Amino acid sequence: MLADRTRRIQPSGIRKIFELVAAMKDPIDFSIGQADFDVPEEVKEAAVRAIREGFNKYTVTQGIPELNERVMAYVRERHGFAPGASLITAGVSGGLLLSYLVLLDPGDEILIPDPYFIMYKVLADLLGATALCYDTHPDFRIRREVLEHLVTARTKAILLNSPANPTGRVFSGAELRMVADFARAHGLWVISDEIYDAFVYEVEYHSVSEFHEKTILLSGFSKTYGMPGWRIGYAVGPPEALEAMKTLQQFTFVCANTPAQKAALYALENDCSDQVKAYRGKRDLVVSMLGDVYDLIPPEGSFYAYPRLPDGIAGADFVKRALQDKVLVVPGTAFSRHDTHFRLSFAARDDVLERGLALLREQGRRGPRRP
Ligand code: PMP
């Protein structure tokens with residue numbers, strides 16, 4: 001008999017779409033959560049060099065010192081504050097698991113956004129903790145009264161994700177200050193997932209770490225440098241939490257991928273402004289081709305758009321209809337209790353993006369009438 005948690009936790013809805021894609025000829029895949037560009041050449045070279053030079057053993061648990069120093073310096077330059085400690089993790093996913101492990105006992109509660117990246121909920125379930133959703137619909141902003149309504153004596157942490165998956169929202173300094181105030185008032189930790197921090201379009205970008213000391217900031221290399229398969233990320237924050245995460249890393253991941261740690265040093269030196277500019281162009285294309293047909297909040301960051309479904313159609317039916325055109329999108333129900341939106345990733349080649357958006361535009365125009 002397998003453990004109860006195997007029955008509590010179902011495979012991700014997005015994985016099902018991945019399986020569909022694998023079986024399709026020439027799909028227009030807007031379901032994917034990874035950049036369409038490849039790893040920069042010098043970063044690839046650095047990884048190959050590291051493997052050839054014998055960097056294939058374990059590293060120290062916290063990751064090689066030069067990468068930790070570089071990450072600390074990067075965060076200092078970007079956000080203007082000096083984190084107390086850092087840890088190189090097995091992707092942001094690794095950082096998320098370790099953060100949950102060090103903050104949540106069984107029965108504890110964590111506040112997560114709705115819509116949310118699915119892992120935020122599943123990790124709580126795994127640990128016997130409860131994830132309570134703070135609803136950000138309809139404009140995907142955080143409201144203090146919603147947070148106050150949910151918080152209890154068992155609440156230990158609040159999770160923030162900005163730029164957000166799936167909505168593309170970037171929280172303003174004022175919003176983050178409000179969350180910091182709320183967290184302070186209730187003695188909460190903040191886990192801040194900033195994996196899309198490179199993809200910010202026009203708006204000003206802040207980390208909640210600037211306003212709240214008890215923050216574990218998670219970010220990494222998967223999205224920014226097109227290397228999600230290399231499984232490398234980082235966590236920074238107060239030594240109290242980071243030391244505990246390091247201890248638990250010893251007994252779980254052991255260390256992050258060794259050659260990828262060497263290569264990540266070069267990744268951080270890489271100027272990715274051209275990629276970000278290209279993604280801003282893709283965002284603009286989405287807004288110009290879908291904005292007058294769908295109710296769509298223009299994404300301020302990440303590479304997702306989250307349009308409202310046409311009136312009177314369920315997400316699953318809309319996704320099926322789009323599939324008839326070979327366009328793959330994800331129903332909002334994969335991220336939310338509300339069946340009101342769908343997610344499209346615009347991390348696709350421009351010609352593919354244009355073709356798919358034209359088809360989605362048609363779908364939106366048809367509304368609920370087509371059987
Ligand atoms: N957080 C968010 C919001 C994500 O969208 C993803 C990837 N889809 C992750 C974390 C996981 O990132 P990593 O590949 O670094 O584990």
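Model, not experiment: these values are computed from the prediction. Order of listing sets the numbers, starting from 1, for every ligand and every atom in it.
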Ignoring hydrogens and geometry, is there a side-chain-to-backbone donor-acceptor pair from Asp114 to Ser336 under 3.5 Å?
-> no
By side-chain contact (heavy atoms from CB on, under 4.5 Å), which residues pair with Ile64, not counting sequence neighbours?
-> Thr59, Glu66, Leu67, Gln261, Lys262, Leu265
Scan the side chains in residues 41-50 for donor-acceptor partners under 3.5 Å anywhere in the protein, sequence neighbours excluded, and list what turns up.
| unit_1 | atom_1 | unit_2 | atom_2 | d |
| --- | --- | --- | --- | --- |
| Glu41 | OE2 | Lys44 | NZ | 3.4 |
| Glu42 | OE2 | Asn270 | ND2 | 2.7 |
| Lys44 | NZ | Asp38 | OD2 | 2.7 |
| Arg49 | NH2 | Tyr266 | OH | 3.3 |

Contact list for residues 73-100, test ring pair (Phe, Tyr, Trp, His ring centres under 6.0 Å), sequence neighbours left out = His79-Tyr205
Heavy-atom contacts under 4.0 Å to ligand 1, chain-then-number order, include exactly Gly91, Val92, Ser93, Phe117, Tyr120, Asn161, Asn165, Asp193, Ile195, Tyr196, Ser222, Lys223, Arg231
Between Asn161 (side chain) and Asp193 (backbone), is there a donor-acceptor pair under 3.5 Å?
-> yes
Any sub-3.5 Å donor-acceptor pair from Lys156's side-chain atoms to Leu103's backbone N or O?
-> yes
